[in-house]
Amino acid sequence: MTTGKINVSVENIFPLIKKFLYNDHEIFLRELVSNATDATLKLKHLTSIGDAKIEYCNPIIEIKADKEGKKLHIIDQGLGMTAEEVEKYINQIAFSGAEEFLEKYKDTAKDSGIIGHFGLGFYSAFMVASKVEIITKSYKDEPAAHWSCDGSPEFTLEPSDKTERGTEIILHIADDSLEFLEDYKINELLTKYNKFMPIPIKFGTKKEQKAFGVGEEEKMEEVEVDNFINNPNPAWTKQPVDLTDEDYKNFYHELYPMQFEEPLFNIHLNVDYPFNLTGILYFPKMSADIQMQKDKIQLYQNQVFVTDNVEGIVPEFLVMLKGVIDSPDIPLNVSRSGLQADNNVKKISNYITRKVADKLKSLFTENREDFEKKWNDIKIVLEYGMLSEPKFYEKAGDFVLYPSVDGKYYTLAELKEAIAANQTDKNGKTVVLYASNKEAQHSYIEIAKEKGYEVLLLDSPIVSHLIQKLESDNDNLAFVRVDSDHIDKLIQKEETQISKLSEEESTQLKTVVEEIIPKANYSVQLEAMDSSAAPFIITQPEFMRRMKEMSQTGGGGMFGMGNFPEMYNLVVNTNSELATTILTTSDKSVQEGLVKQALDLAKISQGLLKGEELTAFVKRSFELIK
Ligand code: ADP
Ligand code: MG
C-alpha cells in the first residue's frame, strides 16, 4: 500500500471547496457521471481503432444508493485506470485544476455566474462526501487499484481484487448531505443534468407491464425492469433529414414534459466550422405577456446539461424561444461580460440570428397562408428582433407582416404599393393608418374605412418603437393612428370642403367652445368636414401619444420628457348642424349644455369618459330625454 500527500499547497482545500460552492453541491453527480461517460467513450474509441483488444459490448453506467451504509456508488464499464494513472490523473492533475480554480476565484465568490458553470471535476465529490474511494481496473492487463481519501490531503493507494474493467467511485456521504442518498433527489439530478447523455444510465428498477403467452392465453403481468434515466440519442444529435415533423414534436415534449401546447415550428442548428454547435430551437405560441415564459432554452456541452441561462449566447430577442443548444465552444468559466466579449460566442449569436431569419423566410415563401395564421403568435419576437438586432432587421423585410384590421396581411413593400396612390399627406408622404385596438378605436376605424383607406392593426406593446424605426428608415412613410387626427386633414384629397360658416362666425364659435371646455386639456380646432361627420371629434396628436407610449415601454428616460400632459385636440366640424345650433343659441345655459354634451359624446368615442364625469353625463342625458 502507498500512502502520500496530494500535491497541494492550500492545506484545507476540501472545506474550501465545500463552502465555496455552497449553492452548487448538486453538480458533483453531473461531474462524476460525466467522467464515467468520458471513460466509456474513450474505451469505445480505443476499441474502434483496434487499440483495446477487447469487446466494447454496449457498456452502461450505474448509480446505486446505499442508504444504510450512507454510500453512493457511481459505476462505469469504461477504460478504467492503472495505479499509475490514478496517481497521475487524480492526485496530480485533477487536483491542480481544482486548486487553480480556487486560487483564481477566491475573491469573486459573489459572482455566481462563474461558479454555477464551473465543473470542478472529480474533486467536487468532496462537496457532499466525507470520504471518497476509487476502485478501478484498467482495460490494460494490470492489477486493479483502490484509492481512498478522507478529505485531508493524505490519500492511500493499494491494489484491489476488482476483476471487471471499469471504475467504481464510492462516496461516503457526509451527514449534512444525506438528501443525496434519497431516490427522488438522485432521480431529480440525473434527469436535470444527464437526461440526454450518450451512455445509458441505470438507476434502480421500475415496474412495467409485460405480456406473457400468445392469443387467448396472453396475460399481462407486472415485472421489475432496469430503470434507465436517459435518452442517449436525442434528436439534436441527428441529421435533419433523418427527422420527421413528428420526431421534432416528440422531442419538444421530451424536453418539456409539462408543456402541452405544440410548438409552432422548429429550427435545427448544425455547424462545425468555425465553431461547433448543434441544437433545435422551437417557436412556442407566444402571448404579449412575455413574463409568462418559464421553459427556457437549455444549454448542453456534449449532451451534458449546463444551464438554462443562455443570456449572452442566444441573441436577446430569441431568449423567449425554447429548445436546446449544444456546443463545446462556449466558455463557461467566465463572467457574463467575458462571454459577450468572446469571439466564438459572438459568432454563435450571429449564426443563430441568421438561421432564424432564414427559417422564417422559407416558412413565409413556402406556405404564406400558414405563416399568416401563425403571425399573431410570433410577431412579438420578430418585432423585438427588428428593434434589437440590426442583422435581423436587415432581413426582416422578407417576412415581417403588417396585418389590416380586416385580416389582410402585407409585407412592408406590398403595403407601400397598395396605399401609395390613395393615402398621401400634404408633404407627399404615404400615410399608413393603423389602429392599436379594434374595439376602442372602432368609430375612427369605421370613418377611415368609409373613406376607402386601409387601416392596419398593430397591437403589440412595442409597436410605437418599431414605427419610429420604420419611419426613420423609410423617408416617404408616416404612420398615424386612426384617432390621431381627423382623416380629411391627414390625407390630402382633391375636393376640399368649404365651410358653411363665415370667418367671423368661426371665430365666434371657437370662443364659445373654448370658454366652456377645460382649456388646459384641449386645443380647439375648427374644420370644415362633411356635414354627416361627427360634430365633435377628439384626437391626440400622433407624436405626443407615441412619445408617451414609448416612454412607458422602455427607452423612457431617453427623451427626457418625464410625465406627459394629457393634451388632446377637440376638432369641431363647422359644417355640422350642431355647430350652427351652438352658434345661434342665445340662451347661455342651453349653449353650455350642448357643448358639454357634445364633448362628452366625443370623449366616449375615445374611451375617455370615466368616473365622476361619466356619472354626470348619464344623469344629464336622462334629464334630456325625460
Ligand atoms: P476532467 O474530467 O476535466 O479531466 P476530472 O477532475 O473530472 O477532470 O477528472 C480527472 C481525470 O481523472 C480525468 O481526466 C480522467 O483521466 C480521470 N478519471 C476520472 N474519473 C474517471 C473514470 N470514471 N474512469 C476513468 N478515468 C477517470
Ligand atoms: Mg470530469
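Just so you know, ligand 1 is whichever comes first in the structure, and atom 1 is the first atom listed for that ligand.
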Inset, instruction - Would you indicate which of Glu31, Glu85, Lys42 comes nearest to atom 15 (C) of ligand 1 when only heavy atoms are counted? - result: Lys42
Inset, instruction - Answer side chain, backbone, both or neither: which part of Ile90 comes under 4.0 Å from ligand 1, heavy atoms only. - result: side chain
Legend entry - Heteroatom distance test (Phe122, ligand 1): nitrogen or oxygen, under 3.5 angstrom: yes
Inset, instruction - Report yes if the distance between the aromatic ring centroids of Phe28 and Phe180 is under 6.0 Å, otherwise no. - result: yes
Give the table of side-chain donor-acceptor pairs shorter than 3.5 Å for residues 66-73, with sequence neighbours excluded, one pair per line with atom names and distance.
{"residue": "Asp66", "atom": "OD1", "partner": "Glu68", "partner atom": "N", "Å": "3.4"}
{"residue": "Asp66", "atom": "OD1", "partner": "Gly69", "partner atom": "N", "Å": "2.8"}
{"residue": "Lys67", "atom": "NZ", "partner": "Glu182", "partner atom": "OE1", "Å": "3.1"}
{"residue": "Lys70", "atom": "NZ", "partner": "Asp175", "partner atom": "OD1", "Å": "3.2"}
{"residue": "His73", "atom": "ND1", "partner": "Glu168", "partner atom": "OE2", "Å": "2.6"}

Inset, instruction - Report yes if some N/O of Asp38 lies less than 3.5 Å from some N/O of ligand 1; otherwise report no. - result: no
Inset, instruction - Classify the side-chain pair Tyr123/Glu31 by whether it contains a donor and acceptor separated by less than 3.5 Å. - result: no
Legend entry - Contact partition for Ile169 relative to ligand 1, non-hydrogen atoms under 4.0 Å: neither
Legend entry - Protein N, O or S within less than 2.8 Å of the Mg ion (ligand 2), waters excluded: Asn35 OD1
Inset, instruction - Please identify which atoms of ligand 1 are closer than 4.0 Å to at least one heavy atom of Gly121. - result: 5 (P), 6 (O), 7 (O)
Inset, instruction - Indicate whether any N or O donor in one side chain lies under 3.5 Å from an N or O acceptor in the other, for Asn91 and Lys88. - result: no
Legend entry - Centroid-centroid distance, Phe196 to Phe251, less than 6.0 Å: yes
Inset, instruction - For this output row, return yes or no: ring centroids of Tyr248 and Tyr252 closer than 6.0 angstrom. - result: no
Inset, instruction - Determine, for Asp358 against Lys395, whether the closest basic-nitrogen to carboxylate-oxygen distance falls under 4.0 angstrom. - result: yes
Legend entry - Test of ring centre spacing under 6.0 Å for Trp236 and Tyr282: no
Legend entry - Phe203/Tyr184 aromatic ring centres below 6.0 Å: no
